[in-house]
Each structure stands twice: as C-alpha cells, then as structure tokens.
K.L.:
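Quick one: this structure, given as structure tokens, is what I'll be asking you about.
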Amino acid sequence: MSVRVRFAPSPTGYLHIGGARTALYCYLIAKAQKGSFILRIEDTDLERSKREYELAMIDDLKWCGIDYDEGPDKGGEFGPYRQSERTQTYLDIAKDFVEKGFAYPCFLTTSELEELTAKAESEKKSPHAYHGKYRDLDPAEAKKRVEAGEAHIIRFKNPRKEWSFTDMVRGDVKFPVDMVGDFAIIRSNGMPVYNFCCVIDDHLMKMTHVIRAEEHLNNTVRQLMIYEALGAEPPRFVHCSLLVGEDRQKLSKRHGATSVKQYREQDYLPAALMNYLCLLGWSHPDETDIFDINQMDSIFDLNRFNKSPAFYDITKLKFFNEQYLRALSVEDLATGFEKAIPSEHAYHAKETSWKLDFAELFREKVQLFSDIVPQLGLIFDETIEQTEDVVDVNSWETTPTIRDYVKTRVSEIKASGSENITSEEFKEIMNHLKKELKIKGKPLFMGLRVVLTGKTHGPDLSKAIPLTPISTIEKRLS
RNA sequence: GCUCCCAUCGUCUAGCCCGGUCUAGGACACCGCCUUUUCACGGCGGCGACAGGGGUUCGAAUCCCCUUGGGAGUACCA
C-alpha cells in the first residue's frame with residue numbers, strides 16, 4: 001500500500017516555524033517513500049479560523065517549496081480537504097456512535113462544568129472525574145431530551161481500559177485507564193471537535209502515517225478510542241520533538257519571529273530555512289549539514305529523529321542563509337537586489353554591469369553583515385551608503401592629509417561631470433598617497449577607509465568606491 | 001496535582017537499538033594563528049558535554065532501576 005501523509009494545520013494564524021517543520025517532515029517522508037502528501041485544513045473552530053489565514057498558509061508553504069498532491073485548492077480523490085465542508089460526515093458518524101453506545105448526549109451546562117472542575121480540583125481528583133455525569137442516562141430519555149431541544153454536547157464514552165501503541169519515534173507508549181474522561185466530540189453549536197474529525201478524516205482519507213509534534217502525543221489515547229469505535233486500523237504514529245525558545249518552552253509568538261511570513265519579509269532564502277529546520281530534530285546519515293531538501297529522496301529516513309526538544313536558534317539559521325547566499329549565482333543575486341536599490345541609484349541600476357559588480361562585491365562580504373544579512377535592501381545601505389561616523393577620524397595622524405588630498409581629487413572628478421569615481425581614478429589616488437605622500441600599510445588603507453566610509457571595516461574599497469555615487473562620497477568628506 | 005514524554009559541549013547533533021574501535025565525532029557561536037598591505041571569506045588550531053546515584057558486566061555514553069531537572073497534555077483549541 002502506498003504511503004499517504006498529511007499536514008493538517010488550523011488556519012488561526014500565519015504558518016508557524018514549527019508548523020513549517022512538521023509540514024517539511026511530512027513532505028519528505030511522503031517523497032522518500034514515493035507516496036502522497038496531502039494538505040488538510042482543520043477549521044472546525046469557527047471563531048478562530050479565517051479563510052485569509054488558510055490562503056496565507058498555502059502561499060507560505062509554496063514559498064517554502066513544500067508541494068502537496070491533494071488539498072483544498074487542488075482537489076483529489078478524498079476531498080473535500082477543508083473540515084468545515086465535511087461537517088455532515090462527522091455528524092452522521094457521531095449519530096451512529098450514539099446509537100451504538102460509543103457516545104452519548106451530555107446536558108452539563110458550562111457553569112455546571114466549571115463547578116465540577118473546581119470540585120474535582122479541591123478533592124485532588126482528576127478534572128475529568130465528573131465529566132461522565134450523563135454517561136449512564138437511559139438512552140431513550142436522553143433522546144427525548146435532545147428531541148425536546150435541550151442544549152447538549154456529544155461525549156465519547158471512554159471504554160475505560162488501558163491503551164498503548166508504538167510510536168515510530170518514542171517507541172512503546174502506554175496510557176493508564178483513567179488518563180482522560182469522556183471527552184467532547186460534538187459541541188453545543190453542532191460543530192465537531194478536533195480529535196473526532198482528525199481520526200475520521202485520517203481514516204477516510206486512508207492515511208498511513210500521522211506525523212505531528214509531541215504536543216499531540218497525549219491526544220493519541222483519545223484518537224485510539226475513536227479508531228476502535230470506528231472499527232478502523234490506526235495509522236503509524238510519528239511524534240517528533242518540539243521546537244522551543246530560549247526559555248526551553250514551546251516555541252510561540254512571544255519568542256520573536258516565529259512565523260514563516262516574517263522570514264519571507266526579511267528575504268531569507270527558503271532553501272536555507274528548510275535546510276536548517278530539517279536538522280532541528282533530524283540528522284543526516286552522512287552527518288552533512290548543508291544539503292538540498294529536494295535531493296534527499298530515500299535518504300530521509302524516519303528512524304533518524306531525535307527525541308528531545310530542539311532550541312530554535314536564529315544565529316545558526318543565519319549561518320545557513322549565508323551559505324546559501326554565497327552559493328547563489330551573481331546573476332541571481334543581482335536580480336534579488338533589483339527591488340532593493342534606492343531611487344537615487346537608478347542611473348547605476350540601469351547598468352547590468354553595475355548590478356553584477358555589486359552582487360559580486362556583496363557575495364564576498366556576506367558574513368560582514370550577518371545581523372542584517374537576509375535583508376537585501378538593508379545590505380545595500382550597509383555596503384554603499386554608510387553614513388554614520390563611528391570612528392575618530394584622527395586616530396591615524398596621516399588621516400587629515402589623506403582627507404585633504406581625497407577632497408581635492410573628488411572635487412576635480414566631479415567637476416569633470418562624472419557621477420562616480422572609476423577604479424582607475426581610485427587607483428591613482430592610492431598611488432599618489434603611496435608615492436608622493438609616502439603613506440603605506442595600515443595607515444593608508446585604514447585612513448582611506450575611515451575618510452571615505454567612516455567605518456573601520458567594510459568591503460574592498462577599490463570595488464565599493466566605484467559603485468558609490470560621488471555625491472555620497474562628497475557628503476562624507478565635508 | 002495527575003498522566004505522558006525527554007536528558008551527550010552554551011546551541012543543533014553523531015554515537016545508544018546490536019556494550020569494548022569514544023582519552024566521545026561534526027556543525028553554529030566564541031577565542032587564537034595563517035592567508036589577505038583593511039575587514040570579511042577560507043585554512044589550521046583552541047575552548048567545550050555523556051545530569052546525579054545505584055546496579056548488570058572483565059568492560060557502560062550505550063542495558064536496568066531510582067533521584068533530580070526540563071517539557072507537554074490535562075478544553076464545547078488544535
């Protein structure tokens with residue numbers, strides 16, 4: 001039987017970094033086994049789910065390079081792939097469950113439930129100890145009350161036995177009899193609940209593997225019960241490790257940039273992000289770390305998951321991004337810059353050679369700008385448009401001499417109508433300083449750099465200066 | 001509280017299943033040197049870990065138990 005794996009996000013926000021990693025794993029496993037990868041939208045929580053998020057998620061997945069075979073916008077043999085469009089299926093099964101005694105209507109009101117939960121807490125009992133109040137109500141009477149229109153939910157009747165399953169990452173996992181109570185499967189508004197829909201769909205859509213993060217591990221016990229009631233064989237479960245922040249807690253919004261969208265906006269390269277994410281909880285058999293996720297084929301082995309939670313470290317992400325940035329062709333880099341070039345450089349940007357020169361210059365210097373490296377737009381500023389004086393111009397005694405001479409030459413060049421200093425002219429300036437003024441070594445290079453850029457490090461001057469408008473240079477000299 | 005899961009350098013991890021080849025390997029970060037008449041890249045090197053305690057064994061990072069620590073779940077969220 002061919003492998004079928006699904007990624008089932010809830011459209012309640014933008015695609016999360018953790019979600020992207022899970023999606024990536026699902027995608028890679030499906031690919032490695034030549035199976036199918038399915039996108040299913042779990043939007044049964046009417047209040048929180050929004051169509052715009054669904055669209056944004058699909059868009060982000062596309063940006064990540066994670067392509068699925070079946071999904072809400074693609075269709076497929078087992079659709080629809082949006083749970084809100086499958087409500088009747090769930091309701092029919094719930095009804096069947098009630099008739100067969102696997103589930104029952106519960107008339108507990110929200111306030112009653114709160115009271116019982118508080119009572120359980122004070123008695124140091126498990127909070128679900130009282131959820132089964134209507135469990136043994138006569139079915140005929142329950143039916144009568146439901147038909148009379150009394151508010152109710154449908155609860156699953158916990159068969160109260162021990163459960164266990166073999167997780168492909170965790171190994172054998174056992175759950176005790178009273179781990180959960182009689183949990184809800186249909187809300188009072190008539191909408192079904194996650195654990196119920198998830199199992200029904202995984203069954204109906206013929207999933208062979210359920211791959212998700214460890215936060216769902218405990219849900220498995222409820223799901224196992226539903227599989228049994230359905231008379232269905234559960235799929236293979238793969239609970240991979242959680243992504244955590246610096247406080248070691250589950251990665252969430254408060255940890256900073258945690259949505260894929262934010263990295264897109266900062267121009268991170270998707271291949272770099274995927275490569276990094278792939279290694280957070282999984283290891284390559286060859287112990288290599290830079291690799292193309294699309295060239296893994298059967299290398300992606302689900303026996304290589306690490307069980308412990310992984311810290312999402314942006315410093316290391318930046319390293320991956322740098323590696324990918326360097327590997328880009330000069331042409332691709334130049335294309336990437338196009339949108340980032342400020343209008344005052346428009347005359348430059350028209351020249352392909354200028355763009356290529358700049359791209360090449362940039363590539364050499366990627367590391368230098370590691371803080372802002374992903375942001376091509378800002379790179380431009382850092383490389384060419386350094387405006388702040390961060391260094392004392394007089395830290396070298398030769399600096400004033402250099403500045404005076406450079407000032408004179410720049411005025412001359414400008415007077416001749418040039419918009420920038422050519423490499424030849426720059427070389428002449430260097431030679432003059434060297435030969436006529438006898439300045440050499442560090443004072444020469446650093447002096448020139450400080451005079452021209454106001455900083456003590458940056459790209460090779462002979463390359464950067466010809467790319468800088470003469471007006472910008474003049475401003476710095478004044 | 002209860003249940004489940006986890007535990008190798010600061011971080012991501014290899015090794016663990018099938019004990020010896022591990023004075024524990026790689027990568028990020030950090031530090032140093034070399035290269036470059038700057039910075040960076042690159043090369044070389046350094047710092048740096050088997051949570052603790054008991055077993056089992058000739059031998060344990062690897063197997064077993066306990067302790068400690070961390071995390072997740074405990075919803076009419078997913």
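Chain naming here is simple, since letters A, B, ... match the order of the sequence lines and numbering starts at 1 in each. Fair warning: this is a prediction, and the values are worked out from it, not measured in the lab.
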K.L.:
Does a donor on one side chain sit under 3.5 Å from an acceptor on the other, for A/Thr117 and A/Glu114?
P.N.:
no
K.L.:
Where the side chain of A/Arg187 is defined as all heavy atoms beyond and including C-beta, which of B/C5, B/C77, B/U3 is the nearest nucleotide?
P.N.:
B/C77
K.L.:
Just how far, in rounded Å, is P of B/U74 from CG of A/Asn218?
P.N.:
8 Å
K.L.:
A/Phe37 and A/Phe7: aromatic ring centres closer than 6.0 Å?
P.N.:
no
K.L.:
Using the C1' atom in both, what is the distance from B/C9 to B/C22, to the nearest Å?
P.N.:
15 Å
K.L.:
Can you check the A/His239 NE2 to B/C4 P distance for me, whole Å?
P.N.:
15 Å
K.L.:
Side chains of A/Tyr194 and A/Asp45: donor-acceptor distance under 3.5 Å anywhere?
P.N.:
no
K.L.:
Which part of the nucleic acid, if any, lies within reach of A/Asn219 when heavy atoms closer than 4.0 Å are counted: base, sugar-phosphate only, or nothing?
P.N.:
base
K.L.:
Starting from P on B/A72, measure out to CG on A/Leu251 and report it in whole angstrom.
P.N.:
11 Å
K.L.:
Does B/U3 have OP1 or OP2 sitting under 4.0 Å from an N or O in the side chain of A/Lys174?
P.N.:
no
K.L.:
Quick one: label A/Leu108 by what it contacts on the DNA or RNA (base, sugar-phosphate, nothing), any heavy atom closer than 4.0 Å.
P.N.:
base
K.L.:
Checking base pairs now: Watson-Crick or wobble, both atom distances under 3.5 Å. What partners B/U62?
P.N.:
none
K.L.:
How many whole angstroms separate atom CG of A/Asp301 from atom C1' of B/C17?
P.N.:
13 Å
K.L.:
Give me the distance, rounded to whole Å, that separates B/C18 from B/C64 when you measure between the P atoms they each carry.
P.N.:
10 Å
K.L.:
Taking only the P atom of each, what is the distance from B/U3 to B/U56 in whole angstrom?
P.N.:
30 Å
K.L.:
Between B/C6 and A/Lys307, is there an OP1 or OP2 to side-chain N/O distance shorter than 4.0 Å?
P.N.:
yes
K.L.:
Ignoring the backbone of A/Glu42, work out which of B/A78, B/G42, B/G73 is nearest its side chain.
P.N.:
B/A78
K.L.:
Mind checking who B/G73 pairs with, Watson-Crick or G-U wobble, both distances under 3.5 Å?
P.N.:
B/C2
K.L.:
Could you check whether A/His152 and A/Arg145, counting side-chain N and O atoms only, form a donor-acceptor pair closer than 3.5 Å?
P.N.:
no
K.L.:
Any base atoms under 4.0 Å from A/Arg48, or only sugar-phosphate, or nothing? Heavy atoms, all strands.
P.N.:
base
K.L.:
Looking only at atom C1', what distance separates B/U68 and B/C58, rounded to whole Å?
P.N.:
31 Å
K.L.:
Would you say the ring centroid of A/Phe97 lies under 6.0 angstrom from that of A/Phe196?
P.N.:
yes
K.L.:
Can you tell me how far the CZ atom of A/Phe175 sits from the CG atom of A/Asn218, to the nearest 0.5 Å?
P.N.:
5.5 Å
K.L.:
Could you work out the separation of B/C5 and B/G46 based on their C1' atoms and round it to a whole Å?
P.N.:
37 Å
K.L.:
Over all heavy atoms of both residues, which pair between A/Trp282 and A/Pro285 is shortest? Give the atoms and the distance, please.
P.N.:
CH2-CD, 4.0 Å
K.L.:
Are A/Asp286 and A/Thr288 close enough that a side-chain donor and a side-chain acceptor fall under 3.5 Å?
P.N.:
no
K.L.:
So, for A/Phe305 and A/Tyr25, is the gap between ring centers shorter than 6.0 Å?
P.N.:
yes
K.L.:
Ignoring hydrogens and angles, are the base of B/C76 and the side chain of A/Ser188 linked by a donor-acceptor pair under 3.5 Å?
P.N.:
yes
K.L.:
Verify the ring-centre separation between A/His284 and A/Phe291: is it less than 6.0 angstrom?
P.N.:
yes
K.L.:
With a 3.5 Å limit on both atom pairs, tell me what B/C17 is paired to, counting Watson-Crick and G-U wobble, or say none.
P.N.:
none
K.L.:
Can you measure A/Leu39 atom CG to B/A78 atom C1' for me and round it to whole angstrom units?
P.N.:
15 Å
K.L.:
Determine the minimum heavy-atom distance between A/Thr22 and A/Ile211, stating which atoms define it.
P.N.:
CG2-O, 3.8 Å
K.L.:
Taking the same atom, C1', in B/G19 and in B/A24, what whole-Å distance lies between them?
P.N.:
15 Å
K.L.:
Quote, to the nearest angstrom, the P distance that separates B/U13 from B/A60.
P.N.:
28 Å
K.L.:
Within residues 148-156 of chain A, which residues have any heavy atom lying less than 4.0 Å from an atom of RNA chain B?
P.N.:
A/Ile153, A/Arg155
K.L.:
Determine whether the side chains of A/His131 and A/Asp182 contain a donor N or O and an acceptor N or O closer than 3.5 Å.
P.N.:
no
K.L.:
Send over the distance from A/Phe107 CZ to B/C76 P, rounded to a whole Å.
P.N.:
16 Å
K.L.:
Just call it for A/Arg222: base, sugar-phosphate, or nothing, with non-hydrogen atoms closer than 4.0 Å on any strand.
P.N.:
sugar-phosphate
K.L.:
Which base sits across from B/U23 as a Watson-Crick or G-U pair, both distances under 3.5 Å?
P.N.:
none
K.L.:
Nearest to the A/Pro176 side chain among B/A78, B/G71, B/C4, which nucleotide is it?
P.N.:
B/C4
K.L.:
Does a side-chain N or O of A/Thr44 approach OP1 or OP2 of B/A78 to a distance below 4.0 Å, or not?
P.N.:
yes
K.L.:
Under 4.0 Å, counting only non-hydrogen atoms across every strand here, what does A/His128 touch: a base, just sugar-phosphate, or nothing?
P.N.:
sugar-phosphate
K.L.:
Can you tell me the base-pairing partner of B/G45? Count Watson-Crick or G-U wobble geometry only, both distances below 3.5 Å, and say none if there is no partner.
P.N.:
B/C31
K.L.:
Using the P atoms only, state how far B/G48 lies from B/U35, rounded to an integer number of Å.
P.N.:
27 Å
K.L.:
Round to a whole Å and report the spacing from CG of A/Leu242 to P of B/A78.
P.N.:
19 Å
K.L.:
Regarding A/Asn195 and A/Gln223, do their side chains bring together a donor and an acceptor under 3.5 Å, going by distance alone?
P.N.:
yes
K.L.:
If you find the nucleotide of RNA chain B closest to A/Asn189 and the one closest to A/Gln249, which residue's nucleotide is nearer the 5' end?
P.N.:
A/Gln249
K.L.:
Summarise protein proximity over nucleotides 9-14 of chain B in one line of letters, 5' to 3': B for base, S for sugar-phosphate only, - for none, counting protein heavy atoms closer than 4.0 Å.
P.N.:
--SBSS
K.L.:
Choosing from B/C76, B/C28, B/A78, which nucleotide comes nearest the side chain of A/Ser10?
P.N.:
B/A78
K.L.:
Roughly, in whole Å, what's the span from OH in A/Tyr194 to P in B/A78?
P.N.:
9 Å
